[in-house]
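Report on the following structure.
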Amino acid sequence: MHVCLVIPPSPYLLSDRSLPWLGPLWVAACLRDQGHQVRVLDLAGDIHYLSTVMADIGADCYGLTATAPDYPLAVEIRDALKLAHPSARMILGGAYATVASSDCHGWDAVVAGDGFYATNRALTENGIISASKKGEIVEDLDPLPFAARDLVDLESYEFRILGERFTSSLTSLGCPMGCTFCCGRDTYVYRKLRAFSPARVLREWDDIRYHYPSFRGMMDYSDEWNIPANRAIALAEAIAAHPTKWMIRCFIKSELFTDDVAKAMAKAGVVEVLTGVESGSDRILKLIKKNTTWAINGQARLTAKKYGIRFKAATMVGLPTETREDALLTKQWLMEFKPDEFDVTVFQPMKGSPIGDAGVSTIMPYKTIPGTYHGADAVVAMREEIDRDVRQALGMPRLAPQLYEHSMGQA
Ligand code: B12
Ligand code: SF4
């Protein structure tokens, strides 16, 4: 079958063309292995996306991917494609389909969960295809093909750290932790940690270096690199022993960022870590089941400094029951521990997260362009206040599209 996977634009990001979306590229690789003719219509950064869509040559099946805030655009694109190609099948996958499949209407098939093999079924079966439960997901990732980076113009993606070009990979999927603001805590596919073996990781990285030698850095999009700590150390040691060198950026869990882990990561080439500090208030951290405190997050920052690793702190305002005093503690934490970079975002209760499922949910982005944040006025004003005051105190420039990429890292 001729399948066209469509990556929608995300205009709410400062830039949606910094690193490509690996999920659909991986699905594409699996479909290709299964004998289908596959291409990718990559609309990231395309402000004329509807014209591009209308001019598309056609396919037997179009597959869209979407997180919650992307869903309205995915629907708009599907409807345009349907007009241009009425007989084509329309299928959906991705994060929103995984946690909110019953809200997704008008599709021939919706894959809720792992698309590696379930997408092949969606080419002929109708309705919701469940692929997120135990027994439905791929447990051993090593035999999977590499993501089909060749199906997008990878060189046109631009993400730099310390002047070097970075591209992305995944060394693991899923996170066993239970932070109540995070999507998928009750969904096996998101909660189950699945990791590639170090040897498989290095084979894929070598393949990337061979085909795209201008990329010297690797943004590893694993939910949390150092869960469990022994995986992080084993992977770091394998990378350090490998002849091909990379600068690495990844996400870490503060309380597991021990001296041993940090040392091994620094040796492997990790130049920057990002951690969800979330709040400076221990009351809020306890409430959201973050398993950290002011002091634990502070220690992680100091450990990163000790090993020469840049530290980015992701914080947010607007969590349930947060007071101005709690938010001021977040500002104070940032002022005291002086991360190399930070975010202040506005919490959005998304479906699939314990908080979102317990009350009213939204599909608004929690991180977007300064000046366009969505939420209660006092919360948005608090975000601006923290962002402005901390940037001024730490001598950091304000976020602007021409200076920074979207949610992770800076130009
Ligand atoms: C890395 C990452 C990012 C990166 C890169 C995102 C990207 N586009 O690649 C950055 C930092 C930019 C980012 C941004 C955002 N992210 Co993010 N991100 C992740 C993270 C940690 C990994 C994503 C990933 O590559 N996963 C691995 C791949 C293999 O999984 P996948 O993409 O879901 O694809 C699989 C299936 O969904 C399915 N599939 C995917 N596409 C398709 C298409 C078809 C047709 C089919 C049939 C199947 C299918 O098959 C794939 C293989 O199993 C996930 C958490 C997670 N573990 O997935 C959060 C996550 C996806 N992000 C999330 C959110 C909220 C966002 C933002 C909206 C934040 C914001 N700014 O407000 C933006 C959205 C930007 C965007 N358009 O992508 C939520 C989504 C929740 C939701 N309900 O939608 C997640 C789940 C985090 C969480 N636990 O809360 N993110
Ligand atoms: S925020 Fe991070 S540590 Fe918490 S559940 Fe989500 S991925 Fe895991």
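Hydrogens, waters and symmetry mates are skipped; everything else that's a heavy atom, side chains included, is used. Ligands are counted one by one from 1 in listed order, and the atoms in each one are counted from 1 as well.
Between F116 and W26, the gap from one ring centroid to the other is short of 6.0 Å.
Per-residue contacts place P365 under 4.0 angstrom from the following atoms of ligand 1 (heavy atoms of the residue considered): 72 (O). Every atom of ligand 2 with a heavy atom of M177 under 4.0 Å away is listed here by number and element: 3 (S), 5 (S), 8 (Fe). Numbered from 1 in the order shown, with element, the atoms of ligand 1 that lie under 4.0 Å from a heavy atom of A95 read 80 (C), 82 (C), 84 (O). Atoms of ligand 2 lying under 4.0 Å from at least one heavy atom of K253, given by number and element, are 3 (S). Counting atoms of ligand 1 from 1 in the listed order, those under 4.0 Å from a heavy atom of L173 are 27 (C). Counting atoms of ligand 1 from 1 in the listed order, those under 4.0 Å from a heavy atom of D70 are 76 (C), 77 (N). The contact set between ligand 2 and K290, taken as ligand atoms under 4.0 Å from a residue heavy atom, comprises 1 (S), 4 (Fe). Residue W26 has at least one heavy-atom neighbour below 4.0 Å for each of these atoms of ligand 1: 29 (C). Below 4.0 Å from some heavy atom of R185 lie the following atoms of ligand 2, by number and element: 5 (S). Atoms of ligand 1 lying under 4.0 Å from any heavy atom of V111, numbered from 1 in the order shown and given with element: 47 (C). Listed by atom number, the atoms of ligand 1 under 4.0 Å from T65 heavy atoms are 40 (C), 41 (N), 42 (C), 43 (C). Those atoms of ligand 1 that come under 4.0 Å of a heavy atom in M350, given as number and element, are 65 (C).
At a heavy-atom distance under 4.0 Å, only side-chain atoms of P69, from C-beta outward, approach ligand 1. Contact annotation: for F181 versus ligand 2, heavy atoms closer than 4.0 Å belong to the side chain alone. By the criterion of a heavy-atom distance under 4.0 Å, neither the backbone nor the side chain of V189 is placed next to ligand 1. Under 4.0 angstrom from ligand 1, the non-hydrogen atoms of L64 all belong to its backbone. Of the heavy atoms in L19, none comes closer than 4.0 Å to ligand 1.
Contact check for F159 versus T167: no side-chain heavy atoms found under the 4.5 Å cut-off. With contacts defined as side-chain heavy-atom distances shorter than 4.5 Å, the pair V271/I309 does not qualify. In this structure, Y71 and C104 have side chains that are in contact, with non-hydrogen atoms separated by less than 4.5 Å. Side-chain contact check for C61 versus M1: some heavy-atom pair is nearer than 4.5 Å. A 4.5 Å side-chain heavy-atom check between P339 and L394 finds at least one atom pair inside the cut-off. Taking 4.5 Å as the limit, some side-chain heavy atom of F181 sits within range of a side-chain heavy atom of F347.
Of the listed options L170, T187, V346, V138, L170 places a heavy atom closest to atom 24 (C) of ligand 1. When the heavy-atom distances from atom 86 (C) of ligand 1 to F181, Y190, Y373 are ranked, the shortest goes to Y190. For the residues G23, C30, A118, the heavy atom positioned nearest atom 32 (O) of ligand 1 is part of G23.
Residue V99 places no N or O, backbone or side chain, under 3.5 Å from any N or O of ligand 1. Considering backbone and side-chain N/O of K367, one or more are found under 3.5 Å from N/O of ligand 1. Checked by distance only, ligand 1 and T98 stay at 3.5 Å or farther apart across all their nitrogen or oxygen atoms. Taking only nitrogen or oxygen atoms, main chain and side chain alike, D114 reaches within less than 3.5 Å of ligand 1. The shortest N or O to N or O distance between L5 and ligand 1 is not below 3.5 Å. The shortest N or O to N or O distance between Y221 and ligand 1 is not below 3.5 Å. Of the N or O atoms in C183, one or more lie within a sub-3.5 Å distance of an N or O in ligand 1. For the pair T67 and ligand 1, the shortest N or O to N or O distance does not fall below 3.5 Å. When only interatomic distances are considered, the shortest N/O to N/O separation between D223 and ligand 1 falls below 3.5 Å. For a threshold of 3.5 Å applied to N or O pairs, the pair formed by S10 and ligand 1 contains at least one separation below that value.
Residue-ligand proximity: G113 is placed with a non-hydrogen atom under 4.0 Å from ligand 1. By the 4.0 Å heavy-atom criterion, Y12 is counted among the residues contacting ligand 1. Residue contacts with ligand 1 include G94, since one of its heavy atoms falls under 4.0 Å from the ligand. Residue G352 places no heavy atom under 4.0 Å from ligand 1.
Under the 3.5 Å distance criterion, with hydrogens and angles disregarded, a donor-acceptor pair is assigned to the side chains of T362 and Q348. Checking D206 against H242 by side-chain atom types alone, a donor-acceptor pair falls below 3.5 Å.
We find that E164 and R216 are not joined by a salt bridge, their nearest charged nitrogen and carboxylate oxygen being 4.0 Å or further apart. Ion pairing of E224 with K253 is absent here, as no side-chain N (NZ or NE/NH1/NH2) approaches a carboxylate O to less than 4.0 Å. D387 and R383 are joined by a salt bridge, as a carboxylate oxygen and a charged side-chain nitrogen come within less than 4.0 angstrom of each other. With respect to K192 and E139, a salt bridge is recorded, a charged nitrogen being found less than 4.0 Å from a carboxylate O. Ion pairing of R149 with E204 is present here, as a side-chain N (NZ or NE/NH1/NH2) and a carboxylate O approach within less than 4.0 Å. With respect to the salt-bridge test (charged N to carboxylate O, under 4.0 angstrom), the residues E125 and R121 qualify. For K312 and D343, the salt-bridge test passes: some basic side-chain N is under 4.0 Å from an acidic carboxylate O.
A cation-pi contact, defined as under 6.0 Å to the ring centre and within 45° of the axis, links R17 to Y157. In this structure, R78 forms a cation-pi arrangement with W107, its terminal cationic atom sitting closer than 6.0 Å to the ring centre and no more than 45° off the ring axis.
Of all protein heavy atoms, the one lying nearest to atom 6 (Fe) of ligand 2 is C182 SG, 2.4 Å. In terms of protein heavy atoms, atom 2 (Fe) of ligand 2 is closest to E224 OE2, 2.3 Å. Of all protein heavy atoms, the one lying nearest to atom 8 (Fe) of ligand 2 is C175 SG, 2.3 Å.
Relative orientation of the W205 and W246 rings is perpendicular, given thresholds of 30° and 60° on the angle between their planes. Using bins of under 30°, 30° to 60° and over 60° for the plane-to-plane angle, the ring pair W333/W294 lands in the perpendicular bin.
In this structure, the separation between CG on L151 and CZ on R39 is 10.5 Å, given to the nearest 0.5 Å.
The distance from atom 4 (Fe) of ligand 2 to the nearest N/O/S atom of C179 is under 2.8 Å.
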